[in-house]
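Counting starts at 1 for both ligands and their atoms, following the listed order. Just so we're clear, the structure is a prediction, and the values are computed from it rather than from any experiment.
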Amino acid sequence: MSAPTSAIESVLIENRVFPPSDAIVNAARVSGMSGYEALCAEADQDIEGFWARQARSHLQWSRPFTRTLDASNAPFFQWFADGQLNASANCLDRHIGTPTEHKCAIIFEADDGTVTRISYRELLARVGQFANALKAHGVAKGDRVLIYMPMTIEGVIAMQACARIGATHSVVFGGFSAKAVHERIIDAGAVAVITANYQMRGGKELPLKAIIDQALALGGCDSVGTVFVHQRTASACPMLAGRDKTFAQALAGQSSDCAALALEAEHPLFILYTSGSTGKPKGVQHSTGGYLLWAKMTMDWTFDLRPDDIFWCTADIGWITGHTYVAYGPLAAGATQIIFEGIPTFPDAGRFWQMIERHRCTIFYTAPTAIRSLIKAAEADAAVHPARSDLSSLRILGSVGEPINPEAWMWYHKNVGGERCPIVDTFWQTETGGHVIAPLPGATPLVPGSCTLALPGIAAAVVDETGHDMPHGAGGILVIKRPWPSMIRTIWNDPERFKKSYFPQELKGYYLAGDGAVRSTDRGYFRITGRIDDVLNVSGHRMGTMEIESALVAKTDLVAEAAVVGRPDEVTGEAICAFVVLKRLRPTGEEARQIANELRNWVAKEIGPIAKPRDIRFGDNLPKTRSGKIMRRLLRSIAKGEAITQDTSTLENPAILDQLAQIN
Ligand code: PRX
């Protein structure tokens, strides 16, 4: 990476540009802006022909498709619909008989540092065997399987095995509560659950199976016939005879040969629940063909993957990033990848850097929140500074999940990337399946804090509320004007919500991302300005304010009313702030602290620890308009500690603002 073209050093100025060095450009798959522009032009000339060519060259089809896009039932778009393929075959079988067959597929580093390696050949055998176990327990094409697993090779095997037999998986992050798991089992109508006895994080053994037991005990889960339990640790966990099977029991006598089932391209590969504007999470449904095409293609485009790369995406398989860039993309691309069980701060905050050195990682993909917390740790303790590790193997860095602030970008660039590695700031969402706005490392000049330009064929734009283009420099709503292969297909069980959430009528059929954005006047680069709906982004995790409010008011003995907003936070991006009216007198001092803790624990039980509000403020009431609407923008100002400068004349009870502004 060459030196910044501007000499201004202040990290607050965002007009510095970092073009890729000539060496990087010359070696890249998509080489220079001319390479990027040629791809864009090719796509714009004949969008269907472009995707058809990509789909034929990147994927192996059991039955070739003859039709690329079917828009007859828009916005329920179908891609490659008369073609058949299998995602697992495209991740594993395709490498058999090639030099990749005996290549290491996964380097697994456990929480305690134990390293296990598995080749493509071995992974295929283990996936085949587990797929046979699923079949032997009655799991069949079209069934839904809920996966609640730690970051392990077995987690990937579980997903791949479902894909192999056409069962639609729904992975739930191991930090979600029994209640959240229960809601997802019911909504998905899961026939089986795959879990582990415990997960290891930061030296602690945390229960998983016990949470599944609690979830199933909440009732209405009769659809679940089997619970498969991976024995991750030596500790025993209760097993229900007839229903629960250890992996060892389920796999006994099963052959490792399981032919991958040819599936229609539109067959739902998975459902992944994510937060939206209402209290109920949305089951985002993805396809087999279009989704996998994206997972594979973006490995090539955004990460410029080479055969000798050691790829590491730190995301958990419970999130979309862990689906596309752990469970599917790297395998479809034949990469060697690192999977890490633990947390970045155990045994110390140098773990990521030490692991990069230990495994000679070349592409490192993580979230800004992790970078920011490791900056803090490195500044406080030189022993965990990246400078202590040999990071010379790195060639590309990535960022995902939330906007990366220029300060963190610069630190990452300098201290991790040694000022030579391009940083790909990838904008995307659970719904987009993979990257949609991102630089190409051998082409795009980088600007800290900007995810730069749309990938070829992606018609991203910034528009106003009626779908008209905003001029560059003016903020607006981020949309994608044309369908693309890896887009969300529907919301499981709720097609109406799908249409309303993503294709509102006033936006002319454009896909509504739910984020605000602005394009720079010089280059047209996108900068994401944050969600425009009631969705928060806490440590790169999406949380609906309504979900947290519903959880709080579900504590019916205590809570009368609650409103939740976000406030900026240096490390987590946003922090959750709850304004709560109790059914009893407003508490202060120690009592307020105690009740706030009780409410935090309650929310952890209802949703999961990630949803715990950071701040809880108690009031006699909430600021409301005369028509009874809660004025959230005022609450946002209070949460930030700002003086209220907005017009409060429509407020029913202006005095409440002073009360809420006091820290209880
Ligand atoms: O607000 C955007 C933010 O994360 C949201 C999507 O969250 P989720 O579906 O959980 O997927 C996260 C991982 C892809 C977006 O609507 N977001 C994601 N990546 C970026 C981002 N905001 C700014 N820059 C990014 N690179």
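Note on Lys414 versus Glu419: no salt bridge recorded, every NZ/NE/NH1/NH2 to OD/OE distance being 4.0 Å or above. Using a cut-off of 4.0 Å between Lys/Arg side-chain N and Asp/Glu carboxylate O, Glu341 and Arg351 are scored as not salt-bridged. A salt bridge links Glu266 with Arg489: the distance from a Lys NZ or Arg NE/NH1/NH2 to an Asp or Glu carboxylate oxygen falls below 4.0 Å. Using a 4.0 Å cut-off between charged nitrogen and carboxylate oxygen, Lys282 and Asp494 do not count as a salt-bridge pair.
Checked against a 6.0 Å centroid threshold, the rings of Phe173 and Trp319 count as neighbours.
Protein residues with a heavy atom closer than 4.0 Å to ligand 1 are Ile320, Thr321, Val400, Gly401, Glu402, Pro403, Asp425, Thr426, Phe427, Trp428, Gln429, Thr430, Asp515, Ile528, Arg531, Asn537, Arg542, listed by chain and number.
Considering only residues two or more places apart in sequence or on other chains, Asp615 meets the salt bridge (charged side-chain N to carboxylate O under 4.0 Å, His left out) condition with Arg567.
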